[in-house]
Amino acid sequence: MPATLVVGAQWGDEGKGKVIDVLTAEADVVVRYQGGSNAGHTVVVGAETYVLHLIPSGMLYPGKMNVIGNGVVVDPARLVEEIDTFKARGIDVESRLLLSDLAHVTLPYHKRLDEAREAKRGSDKIGTTHQGIGPTYSDKYGRVGIKVGDLADEADFTEKVRRNLEEKNAFFREYYHAPEMSMEEVLGPYRAYWPRLKGLVRNTIPYLRDELKAGKRILLEGAQGTLLDVDFGTYPYVSASHPTAGGSSAGSGIPPRAIVRVVGVVKAYTTRVGAGPLPTELPAEEQERLRMVGREYGATTGRARRCGWFDAVVVRRAVDVNGLTEVAVTKLDILDHLDEVPVCVAYRYRGQELTEFPTRTEVVAECEPVYRMLPGWKSPTSGIRRWADLPANAKGYIETLQSLMGVTVSIVSIGPRRDEIIRV
Ligand code: IMP
């Protein structure tokens, strides 16, 4: 059975948690393939709200299996905490969660390095989530990383930590003027985490191969978004992984040709957390209004999200690099009150009109949006369940996005709950 992929088509926080939750009903196994506890996928089930950081969203459906793939960076402290939070809410996690032995481990020195690097950048901060994501991936690609599988051999794990800590402490001491870390600070808590996690650890490559062969339906869950991809995003104001379609195969071991359906998730407007260009960013007061209506605060850090109008130049970049086969538009209801809804169709850069997202972040930072104004619908949409019942101008808005993106919209979300969805 072919696999389905869900990717963020903007700067993260597009509402992927909700869309993944809806698509999980049609899946057997949900797989996370990149990022780590920087992610925060919010899912509302009945009266309960869940925010998932490392655990795949399929955990909220009884009977579905969940895999943390090799491309994810795993902070054992956060994972154990998340497992306990779910268990306290009556969800049986351990029998439905597998953790790849190839996934790299985030250790306390990665978090301290993340904070120290950010502090050193001064006014040029990236605005990371301080979860140690960049430093963990740096160690992975620098070939000094520690994998989940390494935790099984205490002597080997201890030696790898010793070697890495020697290097990190030299940086803390000499360059960042940050406190050094002792071996005990790093190792102490891990002695308790391993017994908690070892039952979940698996070579997930043959597991997923066999599930595919057996005709099981696999859903790949992207975190962050295309414009936070380390190659395709607004570098250096990006995360350190590949949230895009290419990353889903590398981060799970599922062959690219098995992934035939690629669902891009876009918010009906645009938000981003942290620094970096956001061409459609609104003036402070208008931004605040949209933030209040849309409750635009980070699920992981609680930070206020920056808000702007829908940017078709951004989303076309996502259509191209992910090969989106369909799009889910979320939070349409947040625009219900507007007289007119602007949509960015191109950029103006030093007198030229650009329709391709520029590769240089410095150019993006200078771009001015070119807007097309669309009429608002000025009526509530949250209670609507059928495409035919949407107000004509709301349909017109979605159809305009569709033609600007060049991809069919298959889902419109009009509220946080599972049932607040329109299949187009
Ligand atoms: P990091 O992933 O913590 O290194 O942060 C790098 C950039 O990605 C920052 O601008 C973060 O705000 C952003 N970021 C990381 N994870 C998410 C996410 O799940 N949603 C939205 N933005 C994110």
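Counting begins at 1 with the first residue of the sequence.
For Tyr61, there are no ring-ring contact (aromatic ring centres under 6.0 Å, His included) partners, not counting sequence neighbours. Listed by chain and number, the residues in a ring-ring contact (aromatic ring centres under 6.0 Å, His included) with Phe157 amount to none (sequence neighbours excluded). Annotation: side-chain hydrogen bond (donor to acceptor under 3.5 Å, both in side chains) contacts of Asp336 (sequence neighbours excluded): Trp377, Thr381.
The minimum heavy-atom distance between Ser37 and Asp75, with the atom names listed, is OG-CB, 4.1 Å. Annotation for Tyr190 and Pro76: closest pair CE2-CG, 3.2 Å, computed over non-hydrogen atoms.
Thr330 places no side-chain N or O within donor-acceptor distance of the main-chain N or O of Gly15, the cut-off being under 3.5 Å. Judged purely by atom type and a 3.5 angstrom limit, Asn322 uses its side chain to pair as donor or acceptor with the backbone of Ala245. Without hydrogens or angle criteria, Glu118 side chain to Gly127 main chain gives a donor-acceptor distance under 3.5 Å. Checked by atom type and distance alone, the side chain of Asp333 never pairs as donor or acceptor with a backbone atom of Ser382 at under 3.5 Å. In this structure, Asp28 contributes its side chain and Arg217 its backbone to a donor-acceptor pair below 3.5 Å. Between the side chain of Glu221 and the backbone N or O of Val31, no donor-acceptor pair lies under 3.5 Å. Not a single donor-acceptor pair under 3.5 Å links the side chain of Tyr109 to the backbone N or O of Pro135. Looking at Glu366, its side chain never comes within 3.5 Å of a backbone N or O of Arg350 through a donor-acceptor pair. Side-chain N or O atoms of Arg423 include none that pairs as donor or acceptor with a backbone N or O of Arg385 at under 3.5 Å.
Pairs of residues two or more places apart, or lying in two chains, that qualify as salt bridge (charged side-chain N to carboxylate O under 4.0 Å, His left out) and include a residue from residues 44-69 are Glu48-Arg89.
Around CD of Glu285, the count of heavy atoms belonging to other residues, nucleotides or ligands within 6.0 Å does not exceed 12. Summarising the local packing, CZ of Arg348 is surrounded by 12 or fewer heavy atoms from other residues, nucleotides or ligands at distances under 6.0 Å. More than 12 heavy-atom neighbours from other residues, nucleotides or ligands sit within 6.0 angstrom of OH on Tyr176. Atom CZ of Arg372 is surrounded by 12 or fewer heavy atoms from other residues, nucleotides or ligands within 6.0 Å. Taking a 6.0 Å sphere around OH of Tyr235, one finds it holds 12 or fewer heavy atoms contributed by other residues, nucleotides or ligands.
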May I have the list of side-chain donor-acceptor pairs in residues 405-415 shorter than 3.5 Å, sequence neighbours left out?
from: Ser410; atom 1: OG; to: Glu326; atom 2: OE1; distance (Å): 2.6
from: Ser413; atom 1: OG; to: Lys18; atom 2: NZ; distance (Å): 2.9
from: Ser413; atom 1: OG; to: Gly415; atom 2: O; distance (Å): 3.3

Would you give me the side-chain donor-acceptor pairs under 3.5 Å for residues 140-152, sequence neighbours excluded?
from: Arg143; atom 1: NE; to: Tyr141; atom 2: O; distance (Å): 3.0
from: Asp150; atom 1: OD1; to: Lys160; atom 2: NZ; distance (Å): 3.3
from: Asp150; atom 1: OD2; to: Lys147; atom 2: N; distance (Å): 2.8

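The pair Arg316-Asp311 does not count as a salt bridge, with every side-chain nitrogen at least 4.0 angstrom from each carboxylate oxygen.
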List the steps and the verdict of salt bridge (Lys or Arg N to Asp or Glu O under 4.0 Å) for Arg289 and Glu286.
-> CA-CA 5 Å; Arg289 217 169 305 141; Glu286 276 180 75; 5.8 Å; no
